[in-house]
Number of protein chains: 2
Amino acid sequence: MPRGRWGRGGGLGGGACPRRIARFLEPCLLLLLRGDATHGYNLLEALRQFGFTPGTVDASVVYRILREMENAGWVSSQWDTAGSGPPRRVYTVTPDGEEYLAAWINDLRCTRDEIDQFIETYTRHEAGRGSG
Amino acid sequence: MPRGRWGRGGGLGGGACPRRIARFLEPCLLLLLRGDATHGYNLLEALRQFGFTPGTVDASVVYRILREMENAGWVSSQWDTAGSGPPRRVYTVTPDGEEYLAAWINDLRCTRDEIDQFIETYTRHEAGRGSG
DNA sequence: GCACCATATGTGCAAGATGTCAATAAGGAC
DNA sequence: GTCCTTATTGACATCTTGCACATATGGTGC
C-alpha cells in the first residue's frame, strides 16, 4: 500500500474525488482563519467544509502547514492559555497572508480554466472519434 | 525564497499560471498520444498546447512518465529505426490507457468543481467584508 | 497522588513525486 | 575526427506528504 501523496489506491477510478491540487490545504486554512482566528485542532474539523472528511487530514499535517505559513509571514500566532486544557496557539491572517490568499485565488482561477480547456479538447476528440 | 516546486518565486502573483495539478503531465501525454502515436522528444513540443511553454518541462520528466505509464499498461511502445538520427520509441495508448484517461477526465471535472466552490466561498467572504 | 482520558501541539522518519544534470548513442555537416 | 542536432536514459537532490509517536495540560474516579 503506497503511503504516497496522491493515493493511487483510492483515487482514480475509485469513486470519491481525490484532491489533485498541490498544497491545497494552504489556501483552505488561510480562508478559514480569515473568517475566524482559531487554533489548529479546531481547524481540523472546520476543514470538512472544503471536502476534507475527518480522517482525511492528519493533525500533524495541519500544524506543520500552520508553522510554515507563520514562518513565511502569512499568519501570526498567539498562545491562548485561557480555558481548560493545554494552551492553544491561535492563528491570525496577516496582510501578507491576505495578499498570498488573493494570489492563490488567481492561481486557482487559472488552473480551473486550464482544466476546462483540457476537458474540452478531450471532448472534441471524443466527438471526432464517434463520427470517424 | 520559499520552498517548493510549485514556484512560489515566479508563480503566485508573478503572472504566468503555475501548474497546480498533481501529475497533470500524465493525462496531457495520454491525450496527445491518442491523437497521434509518437515519441517522447516530439511530445515535448506538442505539450505547448496545454500551456507547457518550452523549457518548463525537462525531457527526462516526459520520458520518465512515459516509461511509468508503459509499466502500468496505459501505453505501449515500439522502436522506430526508420529515418535518420537515433532510434525513436513510439508510444501508443492502450485500451487500459483510454480508460485511465477517462477516469482522469472525471477527476478533473471534480477538481474543477471544488476549485469553483472554493473561489465562491472566498468571493462571498470578500463581499461580506466590503459591507462590514 | 495516580491512572486514565480528551484536548492540543509538536518531532522524526519513510516513501512517493518532481526537478536538474549528466551520460549515451546515431546520423549529418565540415 | 570533431561538433551539432536528435533522442533516450540514468542518477541524484529536493520537496511534499502520510504516519507513528512523543509531549503537555487539565478533568475525573479512586
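In what follows, every chain begins at residue 1, and chains take the letters A, B, ... in the order their sequences are listed.
Neither side chain, B:T94 nor B:D96, offers a donor N or O lying under 3.5 Å from an acceptor on the other.
The B:R89 side chain lies nearest to D:dT9 when the options are D:dC19, D:dT9, C:dT9.
Note on ring orientation: taking the six-membered ring where Trp is involved, the planes of A:F118 and B:F50 are tilted (angle from 30° to 60°).
Atom P of nucleotide D:dT6 and atom CG of B:D80 are separated by 16 Å, given to the nearest angstrom. Summarising the geometry, the separation between CG on B:D58 and C1' on C:dA17 is reported as 15 Å, rounded to the nearest angstrom. Nucleotide C:dT18 holds its C1' atom 13 Å from the CD atom of B:E26, rounded to whole Å. In this structure, B:W79 atom CH2 and D:dT6 atom P are separated by 17 Å, rounded to whole Å. Atom-to-atom, CZ of B:R67 to C1' of D:dT8 comes out at 8 Å; the value is rounded to the nearest Å. A:L66 places its CG atom 11 Å from the C1' atom of C:dT9, with the value rounded to the nearest Å. What separates CZ of A:R20 from C1' of C:dA17 is a distance of 12 Å, to the nearest Å. Rounded to an integer number of Å, the gap from A:N71 CG to C:dT11 C1' is 16 Å.
Under the side chain to side chain donor-acceptor pair (under 3.5 Å) criterion, A:Q78 pairs with no residue, sequence neighbours left out.
For C:dG19, the base has a donor-acceptor partner in the side chain of B:R64 [N/O atoms by modelled type, under 3.5 angstrom]. Below the 3.5 angstrom threshold, one finds no donor paired with an acceptor across the side chain of A:S60 and the base of D:dC21.
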Exercise. Indicate for each nucleotide in nucleotides 24-30 of chain C, in 5' to 3' sequence, whether protein heavy atoms under 4.0 Å reach the base (B), only the sugar-phosphate (S), or nothing (-).
Key: -BBS---
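At a threshold of 4.0 Å, the pair B:R112-A:E114 does not count as salt-bridged, since none of the basic side-chain nitrogens sits closer than that to a carboxylate oxygen. Look at B:E68 and B:R23 and you find a salt bridge, because one of the NZ, NE, NH1 or NH2 atoms lies within 4.0 Å of a carboxylate O, short of that distance. Under a 4.0 Å N-O distance rule, the pair A:D80/A:R89 does not qualify as a salt bridge.
A single hydrophobic cluster is not seen to contain both A:F52 and A:Y41; linkage of ILVMFWY side chains at heavy-atom distances under 4.5 Å, directly or through other members, places them apart.
Residue A:R23 places at least one side-chain N or O under 4.0 Å from the OP1 or OP2 atom of D:dT16. Dashed line: the shortest gap from a side-chain N or O of A:Y63 to OP1 or OP2 of C:dG10 is not under 4.0 Å. When the side-chain nitrogen and oxygen atoms of A:R88 are compared with OP1 and OP2 of D:dT25, none of them lie within a distance under 4.0 Å.
Between B:V61 and A:A59, the residue anchored closer to the 5' end of DNA chain C is A:A59, taking for each the nucleotide with the nearest heavy atom.
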